[in-house]
Asker: 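Got a structure here, written out as structure tokens. Questions coming.
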Amino acid sequence: MLDPRLIRASLSDVVTQLEKRGFKLDSAGLEALELKRKAHQVETEALQNERNNKSRNIGKAKAAGEDIQPLLAEVAGLSEKLDAAKNALQQVQQEMDEILLGIPNLPHESVPAGRNENDNVEVRRWGEPREFDFKIRDHVDLGAHQQWMDFETASKLTGSRFVVLRKQMAKLHRALIQFMLDMHTIEHGYDEVYVPYIVNRESLRGTGQLPKFEEDLFCVDAEQGYYLIPTAEVPVTNLLRDEIVDAAQLPLKFVAHTPCFRSEAGSYGKDTRGLIRQHQFEKIELVQLVKPDDAWPALEVLTAHAETVLQKLELPYRVMALCAGDMGFSSAKTYDLEVWLPGQQTYREISSCSCFTDFQARRMRARWRNPDTGKPELLNTLNGSALAVGRALVAVVENYQQVDGSIVVPKALQSYMGGVELLQA
RNA sequence: GGAGAGCUGGCUGAGUGGUCGAAAGCGGCGGUCUUGAAAACCGUUGACUCGAAAGGGUCCGGGGGUUCGAAUCCCUCGCUCUCCGCCA
């Protein structure tokens, strides 16, 4: 959520910045609503003040043993007026909230202009795509061996966009998880957390998935408002919802391994082959909660932490700065890491690292006590995948394939594979 | 699943219809004393929101109700704890 005071104070500026990401804000409607809100609020509070005073006087008169009948007559009809004013105010406020919760974050000034992924800007590149002297196979073909990746059985168990991993492939998948968790906890100083995979609506509103993107989620209990998490970002960031932390505790750095569940509504026919776009996948997520002044440097560092995983796995990648039109709803700036996939002869997204400024923190009321002012102030939140495990598995399998279909285990993973150096075809 | 007890400020905890945003203690902050520190003593210390300010309003788990007036009474939902049952 944007700061309502910022919207009030510099509406035209906000409108311009939102246009950069292709969002049209109805400023006239908002201004009109704001005037209504103000009028109703002033009226309501004046009536409340009157009621409070008169009721207090009744109490005093009663205590003094005076006749309170005349005073009671005075307040007659007041409560109806107050109720009416309250209702009017509530209605306007609800309308207002609906609009405010639907406004995306303002893009940072360094975010490139543009409307879609074609306008994203490459920031840097690491590693050289390997030259193959044989016909390259993609991960689906390579995974067919010994049913390493078994999509048919998964579709029997559930439906499309699921997979069963078997034998060494299942173990390689697990090795990737352990490797990434160890790296971030031991080398990058993140605190490992284990969190619920089902969250309530408040949490989803906090990070920005609700109310606008409900169709992307799997609801497991509509009555309770329980949803499967689409990313660990939701439970982990919401750890600080409604909290005020000491400055000395900052920055907070969390890493979590969780499955992620996405309905992929609206992506019918897209990436239907293989492991790229599944309803269920594993992800290692980095989350940071920092002082506002530290947010932008933190985004660079967090992105570098994600990059380290690819470097240790010796997988070629590039870093893309997303253009304003391609960024997620809550993000002020996003870097995507794209890994080279020989099977597709292209770079594909494997990580997304974002700074949300105070956008999520305001929705969550996640705050810190600023020693300079002594007052609670909003935190800034960041997160990034480091990495998406399924896609990392795809990248390893395709980049490390041999002519006979066997897969070399990257050096960094060998100790996690019990010393195995090759998945034998 | 059954029975019971709770939910109050950063924490512990008092408060059963009126000047209660709320005692007290702890913690925090400032000061006195001290070479410095500790102890002791004194003072201070909730959040949100409207307003240029003066000053208002809201918040005692969430929502609703009764009342001129609710932390306090009623309903409902959520959560926590204890005991019993079941269980990875």
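Each chain gets a letter, A, B and so on, in the order the sequences are listed, and its residues count up from 1.
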Asker: Check the pair A/Phe261, A/His279 against ring-ring contact (aromatic ring centres under 6.0 Å, His included), reporting the backbone distance first and the verdict last.
Answerer: CA-CA 5 Å; A/Phe261 303 93; A/His279 286 310; 9.9 Å; no
Asker: Within this structure, what is the CZ-to-C1' distance between A/Arg369 and B/G9, rounded to whole angstrom?
Answerer: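 It is 11 Å, rounded to the nearest whole Å.
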Asker: OP1, OP2 of B/U58 versus side-chain N and O of A/Arg51: anything below 4.0 Å?
Answerer: yes
Asker: If we take the P atom in both B/G17 and B/A71, what is their distance in whole Å?
Answerer: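 To the nearest whole Å, 13 Å.
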Asker: Provide the distance between the two P atoms, one in B/G56 and one in B/G65, to the nearest whole Å.
Answerer: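 After rounding to an integer number of Å, I get 27 Å for this pair.
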Asker: With C1' as the reference atom in both, quote the distance from B/U72 to B/U8 in angstrom, rounded to an integer.
Answerer: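 Rounded to whole Å, the distance is 11 Å.
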Asker: Does B/A47 have OP1 or OP2 under 4.0 Å away from a side-chain N or O of A/Lys375?
Answerer: yes
Asker: Say you pick atom C1' in B/C60 and the same atom in B/C73; how far apart are they, in whole Å?
Answerer: 16 Å
Asker: Quick one: A/Asn53 CG to B/G57 C1', roughly how many Å, whole number?
Answerer: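 Interatomic distance, CG of A/Asn53 to C1' of B/G57: 12 Å.
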Asker: Go ahead and name the base partner of B/G21; Watson-Crick or wobble counts if both distances stay under 3.5 Å, otherwise write none.
Answerer: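 Base partner found: none.
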Asker: Rounded off to whole Å, could you give me the CG-to-C1' distance for the A/Asn87 and B/G65 pair?
Answerer: 14 Å
Asker: Expressed in angstrom and rounded to an integer, what is the separation of A/Asp242 atom CG from B/C48 atom P?
Answerer: 12 Å
Asker: Grab the CG-C1' distance between A/Leu47 and B/C68 for me, whole Å please.
Answerer: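 A/Leu47 atom CG is separated from B/C68 atom C1' by 14 Å.
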Asker: Expressed in whole Å, how much space separates the C1' atoms belonging to B/G57 and B/G21?
Answerer: 13 Å
Asker: Consider the side chain of A/Ile58, meaning its heavy atoms from C-beta on, and name the nucleotide among B/C48, B/C68, B/U19 that approaches it most closely.
Answerer: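 From the listed options, B/C68 comes nearest.
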Asker: Taking atom P in both B/A22 and B/U44, compute the distance separating them and give it to the nearest angstrom.
Answerer: 14 Å
Asker: Indicate whether OP1 or OP2 belonging to B/U49 is found under 4.0 Å from a side-chain N or O atom of A/Arg5.
Answerer: yes
Asker: How far does the C1' atom of B/G78 sit from the matching atom of B/C86, given to the nearest Å?
Answerer: 24 Å
Asker: Is any side-chain nitrogen or oxygen of A/Lys62 closer than 4.0 Å to OP1 or OP2 of B/G69?
Answerer: no
Asker: So do the side chains of A/His188 and A/Met183 get within less than 4.5 Å of each other, counting heavy atoms only?
Answerer: yes
Asker: Give a yes/no on whether any side-chain N or O of A/Asn49 is located under 4.0 angstrom from OP1 or OP2 of B/G57.
Answerer: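 It does, given that an N or O in the side chain of A/Asn49 lies less than 4.0 Å from OP1 or OP2 of B/G57.
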Asker: Tell me the interatomic distance from A/Asn52, atom CG, to B/G57, atom P, rounded to whole angstroms.
Answerer: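 My rounded result for the distance is 5 Å.
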Asker: I'd like the C1' distance from B/C7 over to B/C77, given in whole Å.
Answerer: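 Looking at atom C1' only, B/C77 and B/C7 are 14 Å apart.
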Asker: Does B/C29 have a Watson-Crick or wobble partner in any strand here, with both distances under 3.5 angstrom, and which is it?
Answerer: B/G43
Asker: Quick one: does A/Gln48 reach the base of B/G57 with a side-chain donor-acceptor pair under 3.5 Å?
Answerer: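 Side chain to base: no pair below 3.5 Å.
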Asker: Check whether any side-chain heavy atom of A/Met169 sits under 4.5 Å from a side-chain heavy atom of A/Val397, and report yes or no.
Answerer: yes
Asker: Does the structure show a Watson-Crick or G-U wobble partner for B/C79, both distances under 3.5 Å? Name it, or say none.
Answerer: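 The base-pairing partner of B/C79, which may sit in any strand shown, is B/G6.
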Asker: Is any side-chain nitrogen or oxygen of A/Arg56 closer than 4.0 Å to OP1 or OP2 of B/C68?
Answerer: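 No.
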